[in-house]
Asks: 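This is the structure I want to talk about, given as structure tokens.
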Amino acid sequence: MNENNKLHHQPDPYVETRVESLLSQMTLGEKVGQLVLENAFAPIDWADVIQRQKEAEERGEVFKIDLLPNPVAVEHARQGLISAINSADLQINNQLQRAAVEESRLHIPLLVGHDVIHGFRTVFPIPLAEASTWNPELLERAALCAASEAATVGINWIYAPMVDIARDPRWGRIAEGAGEDPFVGRAMAEAHTRGFQSTDLPAGRRIAACAKHYVGYGAAEAGRDYNTVDISERTLRDVYLPPFKAAFDTGARSTMSSFNEIGGVPGTSNPFLLRTILREEWGWQGVVVSDFNAIGELVQHGVAKDLREAARLSILAGVDIDMESGAYARHLAQLVENHSVPLEIVDEAVRRVLKLKFNLGLFDNPYVDKDLSGKYILNPEFRSLALDVARQSMVLLKNSQTVLPLQTGKSRIALIGPLADNHSDLLGTWAITGQAADVETVYDGLKQYLEDADIVYTQGCSISGKEQEDFSSAVSAAQNADMVVLVIGEGADMSGEAHSRVYLGLPGRQQELVNVLAQTGKPIIAVLMCGRPLVVPELAEKVDALLVAWHGGIRAGQAVADILFGAFNPSGKLTASWPRAEGQIPVYYAHKSTGRPAEGSGTKQYHEPFRSTYLDETNAPLFAFGEGLSYTQFDYSQLKVLTPVVPLDGVLKVSAVLKNTGNLPGVEVAQLYVRDLIGSVTRPVRELKGFQRVALQPGEERQVFFDVVVSDLGFHGQDNTYRVEPGEFQLWVAPDSTSGLEGRFEIR
Ligand code: BGC
């Protein structure tokens, strides 16, 4: 067990005693109650809510849903029959908390869970964008900000970080994680966990993070959400598990069992994942909650004949809390009484839950009495952090003839596109508590740099409408301007949960809009907003500059304007490959060699006879992992492998010199990759093992050092145990996953 993990699981004698004392007083019904998460709200007419929300957005007003507490949950809280609720409503949280703490026999407080995935009221860029900052320290602060805001309404449990590795952009939930790579995934999992669980939270408020979805959810076949997963144990251990392990080693107090099956066994009834790996191998002692109704879904999976059997399988597998399926509430007590489930298993789960509540300080401080919202919600520090994250998350992928940055007062701009003056879509996929009225659009941002007479806005077309569009006003705006800023892409509801897509080009008529504007001959700067890597070779070819702005949160518009006008020099780099064609998916940099690798590289690996290539497209993605441009240039030189031979218990040390050879200050994300040349099982052609953000003034150069402990250069062998094998390795210090200075070292 890692030192941090040990630290987080030091038994606290005071807590242990209180837990045992409570446990000894509990009836079986109350014990089961501690394993039940129930819906906090009375039924809602969602169609009506969405309609009213839209109307409020159109009026630029902040929208609030009028929620009523679920009377059943209130009664259950009084009787000590529930342990947790999902809610972000202060009144309801306090009301239910009071029922549990003051009216129930044993006065056990409730966990209040919520999806705070990329901000609470201060909405940050989607996590895939956040990862593109390659700046864990910044993201830790963003997570702390989200947790601070969430705590003001009584939330004490955040269903994040989402640490699923995703190599298939069809999968809508790629938006919610850090992308395709386990090394980046680990760094972001640690940063988010540290931020959410920070001890710098408002006094008396503590939050438990929940690393999800345990595990393999991102490997859904064909990128269709909830679909079957069938990956080898080795891939699971080498690629999908490491970010979870990183979150737990950082102290994450809970995890969520996933919806998907792996090789025939659903994540929510999987003792190998939930007991053997989590408890026996890792010694982790946190709480496992099922995903929403995932226990109930064991029936549809076809491994349980009814809800009762689903409850039995899940508790035996190691799921502590049942999120909203009702299976434990209805059947668990009886399963214990008729000896289908040993009482000790239930006791163990209850102990974990009670411990969590004690460790969060909930017994001493269950309510949000003081209104802290004024201090914490959308405060200037958070808003400026959101701007910082948005600016650092954006990735410049093309800048022909250095069309960017623009110069103030020198250009008349036609601002075109369905996302150019759009508020709500910039919030992205998980922004339940976000408000469209808080969002600065690109139009708002540009107006700070341009006189009114120098900017003409027209929408051009809708995001996804299929009907014929009249592009004439867009064309005439372009003709009368010096250049076009085209803000296009996906709506917020085109990625995220249950929002997978098979066509990953620009939705609706947007590519046609690009094509007609390209015919005007005016320079086009495309700002692409999206929740996933898109397939946009035609767009990339036709425009002069391409800036990926993702769904960038409340400050996205300002961030885009700052980048376009050079007030901020872009530094973001991709953490997921952008395919050239959907047929290449999954395409990721850390692929294997195969017995017949393509001989060409990049666009040259094309229809090589009897090689692992395609007849009609190259293997290479359009934009590779690690790629991203700056307004300045960086030169890499003088690679030094300081430890050409390194022992198994040693540290690999490498350095290189980075120089800013351009005219502007900038930040370069320098990356260290390795390749284990011969292994007892096949190894990826490159694996990221380090990265650094290096800030350099024009003309400045600096030697940068990478240290990698050799024990991090291993993998799971034929017997699925972890090992580092002696032998020769290649390495690269590189600006991206396709190039770099190359060297060698040997582990002996
Ligand atoms: C999602 C989880 C989420 C949960 C609770 C599920 O549908 O898969 O990510 O935390 O709902 O809202």
Side-chain angles (χ1 to χ4, degrees), residues 36-41 44 46 65 67 70 73 82-89 92-93 110-120 126-128 143 146-147 150 153 155-166 171-178 189 192-193 196 207-220 223-227 229 243-244 247 252-261 266-268 286-298 300-301 314 319-326 428-434 493 495-500 531:
V36 171
L37 187 155
E38 203 163 74
N39 175 23
F41 309 119
I44 298 167
W46 280 110
I65 314 178
L67 294 166
N70 171 6
I82 56 170
S83 180
I85 52 171
N86 283 329
S87 159
D89 186 280
I92 289 184
N93 294 343
L110 298 175
L111 290 167
V112 178
H114 196 64
D115 291 288
V116 183
I117 313 295
H118 51 107
F120 184 71
I126 54 166
L128 183 62
V153 299
I155 289 167
N156 49 45
W157 193 15
I158 283 180
Y159 301 138
M162 191 279 214
V163 301
D164 293 312
I165 297 295
W171 191 51
R173 301 198 83 168
I174 194 170
E176 293 177 51
H192 280 126
T193 303
F196 289 137
I207 299 259
C210 182
K212 69 185 189 184
H213 306 81
Y214 188 78
V215 56
Y217 185 34
R224 202 172 69 234
D225 205 5
Y226 316 122
N227 204 9
V229 171
F244 285 91
R253 295 183 189 275
S254 71
T255 190
M256 187 181 287
S257 71
S258 60
F259 288 128
N260 57 284
E261 67 160 85
T268 296
V287 166
V288 177
V289 61
S290 77
D291 203 340
F292 194 102
N293 191 39
I295 298 183
E297 289 169 24
L298 296 178
Q300 281 77 28
H301 271 293
S314 302
V319 176
D320 298 323
I321 297 182
D322 171 2
M323 191 193 295
E324 300 211 25
S325 88
T429 175
W430 261 125
I432 314 174
T433 43
D493 61 355
S495 58
E497 183 174 354
H499 289 80
S500 295

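First listed ligand is number 1; within each ligand, the first listed atom is number 1. Just so you know, residue 1 is the first one in the sequence shown, and it goes up from there. No experiment lies behind these values; they were computed from the predicted model shown.
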Asks: Once you restrict to heavy atoms under 4.0 Å, what part of R173 touches ligand 1? Side chain, backbone, both or neither.
Replies: side chain
Asks: Show the atoms of ligand 1 that are less than 4.0 angstrom away from any heavy atom in M256.
Replies: 2 (C), 10 (O)
Asks: How far is atom 11 (O) of ligand 1 from its nearest protein heavy atom, and which residue and atom name does that atom have?
Replies: D291 OD1, 3.5 Å
Asks: Who's the nearest protein heavy-atom neighbour of atom 5 (C) of ligand 1, and how far?
Replies: D115 OD2, 3.2 Å
Asks: Looking only at non-hydrogen atoms, find the nearest pair between G119 and A146 and report the distance.
Replies: CA-CB, 3.8 Å
Asks: What pairs with S258 under side chain to side chain contact (heavy atoms under 4.5 Å, CB included), at least two apart in sequence or on another chain?
Replies: H213, Y217, N260
Asks: Mark up the atoms of ligand 1 that fall under 4.0 Å of a heavy atom belonging to K212, in ascending order.
Replies: 2 (C), 3 (C), 9 (O), 10 (O)
Asks: Between the main-chain N or O of R173 and the side-chain N or O of D225, is there a donor-acceptor pair closer than 3.5 Å?
Replies: no
Asks: For ligand 1, which atoms, with element, lie under 4.0 Å from some heavy atom of Y159?
Replies: 10 (O)
Asks: Search all heavy atoms of E38 against all heavy atoms of A73 and return the closest pair with its distance.
Replies: OE1-CA, 3.2 Å
Asks: Is a side-chain donor-acceptor pair under 3.5 Å present for N86 with E324?
Replies: yes
Asks: Using heavy atoms and a threshold below 4.0 Å, how should the contact between H213 and ligand 1 be classified: side chain, backbone, both, or neither?
Replies: side chain
Asks: For F292 and E297, which heavy atoms make the closest approach, and how far apart are they?
Replies: O-OE2, 3.7 Å
